[in-house]
**Q** 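Below: one structure in structure tokens.
Starting from 1, each residue takes its place in the sequence as its number.
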Amino acid sequence: MTDSSIRDQAIVPFCSNLTIAQDWGPLLAAAFPSGYDQGTNLTPAQHCCLNALADRDVCWRHTQLIASWFNDIGLPADRGSVRAILTGSASDRNTARFG
């Protein structure tokens, strides 16, 4: 786990949909500096960041407040789709490791 993913996990419990511009939006953008490419597996730090956000209910209220951050990165702005990416990324990593 990288220092940035540890920091992301430490900050996310204090985040909400109302604080995206001040905290987790910039962290999300930093985790995906080149945007999200559907054909590429998530890095461990990206997975950790998205997973922490997906687990935080208050971040997903009034999604119109967060949509532009996700759209700019190329990620879907709905929680179910983010969880599907996380599930796919985890299974891809497990297949690569054990396949």
Side-chain angles (χ1 to χ4, degrees):
M1 189 177 300
T2 66
D3 288 343
S4 63
S5 64
I6 292 168
R7 182 183 63 239
D8 293 348
Q9 282 187 320
I11 290 173
V12 168
F14 301 104
C15 298
S16 79
N17 61 317
L18 301 175
T19 64
I20 189 167
Q22 291 80 29
D23 47 37
W24 67 275
L27 289 172
L28 185 63
F32 292 88
S34 300
Y36 171 66
D37 178 4
Q38 292 181 355
T40 305
N41 288 335
L42 297 176
T43 66
Q46 290 169 334
H47 191 277
C48 185
C49 179
L50 280 181
N51 193 51
L53 290 172
D55 285 346
R56 180 93 172 122
D57 290 338
V58 72
C59 290
W60 298 95
R61 296 179 186 154
H62 310 290
T63 56
Q64 73 274 13
L65 299 173
I66 67 171
S68 66
W69 287 92
F70 282 84
N71 291 337
D72 288 348
I73 294 167
L75 286 164
D78 80 73
R79 192 180 198 179
S81 295
V82 168
R83 285 187 168 153
I85 290 169
L86 290 166
T87 301
S89 178
S91 65
D92 289 345
R93 282 200 315 268
N94 289 338
T95 300
R97 195 177 327 155
F98 301 113

**Q** Within the structure provided, determine whether Leu53 and Val82 are in side-chain contact (heavy-atom separation under 4.5 Å).
**A**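 With C-beta onward as the side chain, the pair stays apart.
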**Q** Grab the two heavy atoms, one from Ile85 and one from Pro76, that are nearest each other, plus how far apart they are.
**A**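 Nearest heavy atoms, Ile85 then Pro76: CD1-CD, 3.5 Å.
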**Q** How far does CD of Gln46 sit from CG of Leu86, to the nearest 0.5 angstrom?
**A**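 Atom-to-atom, Gln46:CD and Leu86:CG are 10.5 Å apart.
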**Q** So which heavy atom on Pro26 is nearest to which on Trp69, and how close?
**A**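 Taking every non-hydrogen atom into account, N-CZ3, 3.6 Å.
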**Q** Show me the donor-acceptor pairs within less than 3.5 Å that the side chains of residues 30-40 make with the rest of the protein, sequence neighbours left out.
**A**
residue, atom, partner, partner atom, Å
Asp37, OD1, Gly39, N, 3.1
Asp37, OD2, Thr40, OG1, 3.1

**Q** To the nearest 0.5 Å, how far apart are NE2 in His47 and CG in Asn41?
**A**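 One gets 10.0 Å once the value is rounded to the nearest 0.5 Å.
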**Q** Applying side chain to side chain contact (heavy atoms under 4.5 Å, CB included), can you list everything that pairs with Asn71, at least two apart in sequence or on another chain?
**A**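 Per chain and number, Asn71 pairs via side chain to side chain contact (heavy atoms under 4.5 Å, CB included) with Ala67.
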**Q** Can you find a pair of side-chain heavy atoms, one from Asp55 and one from Arg83, that are under 4.5 Å apart?
**A**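 They are in side-chain contact.
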**Q** Once you measure the plane-to-plane angle for Trp60 and Trp24, does it fall in the parallel (<30°), tilted (30-60°) or perpendicular (>60°) bin?
**A**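 It falls in the tilted class, 30° to 60°.
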**Q** For Ser81, what residues pass the side-chain hydrogen bond (donor to acceptor under 3.5 Å, both in side chains) criterion, not counting sequence neighbours?
**A**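 If we apply the side-chain hydrogen bond (donor to acceptor under 3.5 Å, both in side chains) test to Ser81, skipping adjacent residues, the hits are Asp78.
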**Q** Can you name the closest pair of heavy atoms from Arg56 and Arg79 and give their distance?
**A**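 It is C-NH2, 3.8 Å.
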**Q** In Å, rounded to the nearest 0.5 Å, how long is the span from CG of Leu42 to CG of Leu50?
**A**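 Those atoms lie 6.0 Å apart.
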